[in-house]
Amino acid sequence: MTKLLGTAVPDLAPEETLVLLCMHGTKHEWLRLYWICDIAQLLQANPDLDWAAAEEIARRFGLYRALTLGVLLCHRMAGAPVPENVLRRFEKNRTVRRLEEHIRKHFFEPTSPPFDGLPFQIEALGFGDRLARVGQAALEPPGARDRAGVRLPAALDFLYYFVRPGRLVWKYLIRRGLRLGLKDRM
């Protein structure tokens, strides 16, 4: 609890706030410098932050990559104080390092080139959470895009549940792979 104008109000522990801020920045692909500065300020104001607790919270909610990405960005771009052992542990993840380098390299460009690989938000998730998200998207009821891509008579409407996963595979893997392959040849 924190006092605000003489009234006790609930608040989050710094470890929870850190994970929440890292999740928010990752969700929006770190497009705003002030999100990085907010985390840097949080780390500056909480030098005794319980890193083990923050990592446990992030793992519990499938946000470990988001946490590591946010902390690495804040350390490298805003000089946020991060213990050396935490930095070494966070830098071990190649995917996070790749995401972080991409963001830093293109941060001040008016239009950042797309991240090479899966969509950024999916790439920022761990394997289990990524698999769950893809499965969840595939199991959602068919929408207008699924129906527009393939016209079926009403009696075969149930087949749209098979069209949706195929459309998603085409959209995110095959078509994207073809675009990336063509880009490599140019």
Side-chain angles (χ1 to χ4, degrees), residues 10-47 49-140 168-169 171-173 175-177 179-180:
D11 64 349
L12 296 172
E15 296 79 10
E16 295 167 331
T17 304
L18 175 62
V19 173
L20 185 65
L21 290 173
C22 288
M23 177 209 57
H24 183 256
T26 300
K27 175 184 175 196
H28 295 290
E29 300 182 31
W30 296 100
L31 294 174
R32 303 282 185 266
L33 185 58
Y34 65 85
W35 295 332
I36 293 170
C37 293
D38 286 346
I39 295 171
Q41 285 290 341
L42 176 73
L43 296 177
Q44 186 74 38
N46 294 281
L49 188 105
D50 184 348
W51 286 97
E55 289 179 60
E56 172 57 33
I57 293 165
R59 278 191 179 93
R60 186 171 358 132
F61 293 102
L63 297 169
Y64 190 76
R65 280 190 181 169
L67 172 68
T68 58
L69 176 59
V71 168
L72 288 177
L73 279 170
C74 293
H75 176 72
R76 293 199 175 120
M77 291 182 73
V82 180
E84 197 62 38
N85 63 328
V86 173
L87 278 176
R88 280 193 308 272
R89 196 166 51 250
F90 286 4
E91 288 171 339
K92 286 182 181 178
N93 188 313
R94 283 186 309 201
T95 301
V96 170
R97 279 197 329 263
R98 213 171 78 239
L99 290 168
E100 184 262 336
E101 288 169 6
H102 176 81
I103 292 166
R104 274 191 305 121
K105 182 178 177 184
H106 301 290
F107 192 82
F108 294 103
E109 294 177 12
T111 55
S112 175
F115 181 73
D116 293 334
L118 294 172
F120 184 89
Q121 290 86 356
I122 299 293
E123 190 78 27
L125 296 173
F127 178 75
D129 297 305
R130 195 181 312 168
L131 191 60
R133 177 64 191 114
V134 170
Q136 180 185 28
L139 294 175
E140 288 176 5
L168 294 174
V169 165
K171 178 180 178 183
Y172 289 115
L173 298 178
R175 188 175 71 190
R176 186 179 186 98
R179 264 199 324 254
L180 291 175

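What you are looking at is a predicted structure, and each value in this text was computed from that prediction instead of being measured.
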Hey, could you give me the OG1/CH2 distance between Thr26 and Trp35, rounded to the nearest 0.5 Å? 10.0 Å
Reported CZ-to-CE distance for the pair Phe61 and Met23, which is rounded to 0.5 angstrom: 10.5 Å
Quick one: list whatever passes side chain to side chain donor-acceptor pair (under 3.5 Å) with Asp50, sequence neighbours left out. none
Taking the side chain as every heavy atom from C-beta outward, state whether Arg98 and Arg94 have any atom pair closer than 4.5 Å. no
Not counting sequence neighbours, which residues clear salt bridge (Lys or Arg N to Asp or Glu O under 4.0 Å) with Glu55? List them please. Arg59, Arg89
What's the shortest heavy-atom distance between Gln44 and Pro47, and which atoms? O-CD, 3.7 Å
Let me confirm one number: the CG-CG distance from Leu18 to Leu49, rounded to the nearest 0.5 Å. 6.0 Å
Within the supplied structure, the quantity of interest is the number of heavy atoms (other residues, nucleotides, ligands) at a distance under 6.0 Å from Arg60 CZ; does it exceed 12? yes
Closest non-hydrogen atom pair between Leu72 and Phe90, with its separation: CD1-O, 4.0 Å
To the closest 0.5 Å, what do you measure between CD1 (Ile57) and OG1 (Thr17)? 9.0 Å
Which heavy atom of Trp30 sits nearest to which heavy atom of Leu21, and what is that distance? CH2-O, 4.0 Å
Heavy atoms only: give me the nearest Glu15-Ala53 pair and the separation to one decimal. CG-CB, 4.1 Å
Report yes if the side chains of Leu33 and Phe107 come closer than 4.5 Å at any heavy-atom pair, otherwise no. yes
Asn93 side chain to Val96 main-chain N or O, any donor-acceptor pair under 3.5 Å? yes
Within the 4.5 Å heavy-atom criterion, are Cys22 and Leu63 side-chain neighbours or not? no
What heavy-atom pair brings Ile36 and Cys74 nearest, and what distance separates the two atoms? O-SG, 3.3 Å
Using the side chain to side chain donor-acceptor pair (under 3.5 Å) criterion, which residues pair with Arg76? Sequence neighbours excluded. Glu91, Glu100
Please report the interatomic distance CG(Leu69) to NE2(His102), rounded to the nearest 0.5 Å. 11.0 Å
About how many Å separate OG1 of Thr68 and NZ of Lys92, when rounded to the nearest 0.5 Å? 13.0 Å
